[in-house]
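Read through the structure below, which is laid out as structure tokens, and then see the notes.
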Amino acid sequence: MTSTDSPSRAARTSDPNADVVDPTLEADVVDPTLEADVFARGCNSRAALQNATGRWGALALAALNEGPYRFSALRRRVDGVSERMLSQTLQTLERDGLVHREVLETIPPKVEYSLTDLGADVAAKITALIELLESQVPKIVASQASYDARIQLSLSES
């Protein structure tokens with residue numbers, strides 16, 4: 001059998017001409033009849049949710065919601081992220097279909113990142129959450145101080 005006989009099989013094996021499917025790659029095959037459920041352990045939406053809402057993913061998406069960025073400008077916008085971590089985050093978001101990477105034909109070559117349609121939808125929701133949290137910072141700080149005082153009191157009484 002050749003890779004043209006079964007493209008999906010070829011994608012699931014380390015050798016497209018092999019008769020046996022590599023069991024380590026079999027887990028990557030998704031049953032299209034399954035309904036997405038982020039609470040189910042094996043659901044692909046869980047990983048995508050983690051990628052989009054993780055520390056750097058959420059900030060990168062929110063920044064890109066402002067418009068396209070070149071890598072160095074995006075790194076400056078997302079203060080505190082290392083070059084390596086931002087690169088990994090953008091690759092993951094690109095893989096999930098949230099970010100588009102375009103190599104600009106300049107000398108030297110430059111790379112620009114922007115949101116896909118799906119990425120724009122996700123980024124809008126993340127930006128709304130960020131704005132809600134930023135508007136409630138005084139309440140959050142007061143709650144944290146109250147909690148810390150209660151914990152400190154219970155530890156001192158022990």
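Sequence positions, counted from 1, serve as the residue numbers for this chain. Owing to the predicted nature of the structure, the values given are computational and were not obtained by experimental measurement.
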Are V111 and M85 connected in a single hydrophobic cluster, I mean Ile/Leu/Val/Met/Phe/Trp/Tyr linked by side-chain heavy atoms less than 4.5 Å apart?
yes
Would you kindly confirm whether L104 and Y69 end up in one hydrophobic cluster when ILVMFWY residues are joined by side chain heavy atoms under 4.5 Å apart?
no
Within the side chain of [X], is there an N or O that forms a donor-acceptor pair under 3.5 Å with the backbone of [Y]?
{"X": "R101", "Y": "E94", "value": "no"}
{"X": "T116", "Y": "G97", "value": "yes"}
{"X": "D96", "Y": "L98", "value": "no"}

Mind checking whether E83 and F71 have side chains closer than 4.5 Å, heavy atoms only?
yes
Could you measure the distance from the [atom1] atom of [X] to the [atom2] atom of [Y]? Nearest 0.5 Å is fine.
{"X": "L49", "Y": "N44", "atom1": "CG", "atom2": "CG", "value": "12.5 Å"}
{"X": "L74", "Y": "E66", "atom1": "CG", "atom2": "CD", "value": "9.5 Å"}
{"X": "T53", "Y": "Q50", "atom1": "OG1", "atom2": "CD", "value": "5.5 Å"}
{"X": "L90", "Y": "Y113", "atom1": "CG", "atom2": "OH", "value": "5.0 Å"}
{"X": "S45", "Y": "F39", "atom1": "OG", "atom2": "CZ", "value": "9.5 Å"}

If you look only at distance, which donor and acceptor atoms sit under 3.5 Å apart when one is on a side chain in residues 119-142 and the other is two or more places apart or in another chain?
unit_1: T127; atom_1: OG1; unit_2: N65; atom_2: ND2; d: 3.2
unit_1: T127; atom_1: OG1; unit_2: A123; atom_2: O; d: 2.7
unit_1: S135; atom_1: OG; unit_2: E131; atom_2: O; d: 3.4
unit_1: S135; atom_1: OG; unit_2: L132; atom_2: O; d: 2.7
unit_1: Q136; atom_1: OE1; unit_2: K139; atom_2: NZ; d: 3.3

For D148, does the CG atom sit with more than 12 other heavy atoms under 6.0 Å from it, leaving out its own atoms?
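Yes, because the 6.0 Å sphere around CG of D148 holds more than 12 heavy atoms from other groups.
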Can you confirm whether R77 is buried at CZ, in the sense that more than 12 heavy atoms of other residues, nucleotides or ligands lie under 6.0 Å from that atom?
no
What closest approach, in Å, do P109 and V103 show between heavy atoms, and which atom pair accounts for it?
CB-CG1, 4.4 Å
Heavy atoms only: give me the nearest S82-R75 pair and the separation to one decimal.
C-NE, 3.7 Å
Side chains of S146 and R150 only: does a donor on one sit below 3.5 Å from an acceptor on the other?
yes
Please report the C-alpha distance between L61 and V99 in whole Å, then the side-chain angles of each, then the deciding distance to 0.1 Å, and finally whether the side chain to side chain contact (heavy atoms under 4.5 Å, CB included) criterion is met.
CA-CA 8 Å; L61 288 170; V99 168; 4.2 Å; yes
NZ/NE/NH1/NH2 to OD/OE distance under 4.0 Å, K110 and E105:
no
Audit row: L115, H100, side chain to side chain contact (heavy atoms under 4.5 Å, CB included) steps and yes/no
CA-CA 6 Å; L115 295 173; H100 173 72; over 6 Å; no
Decide side chain to side chain contact (heavy atoms under 4.5 Å, CB included) for V78 and W56; before the verdict, give the C-alpha distance in whole Å, the side-chain angles of both, and the deciding distance to 0.1 Å.
CA-CA 8 Å; V78 182; W56 304 118; 3.7 Å; yes
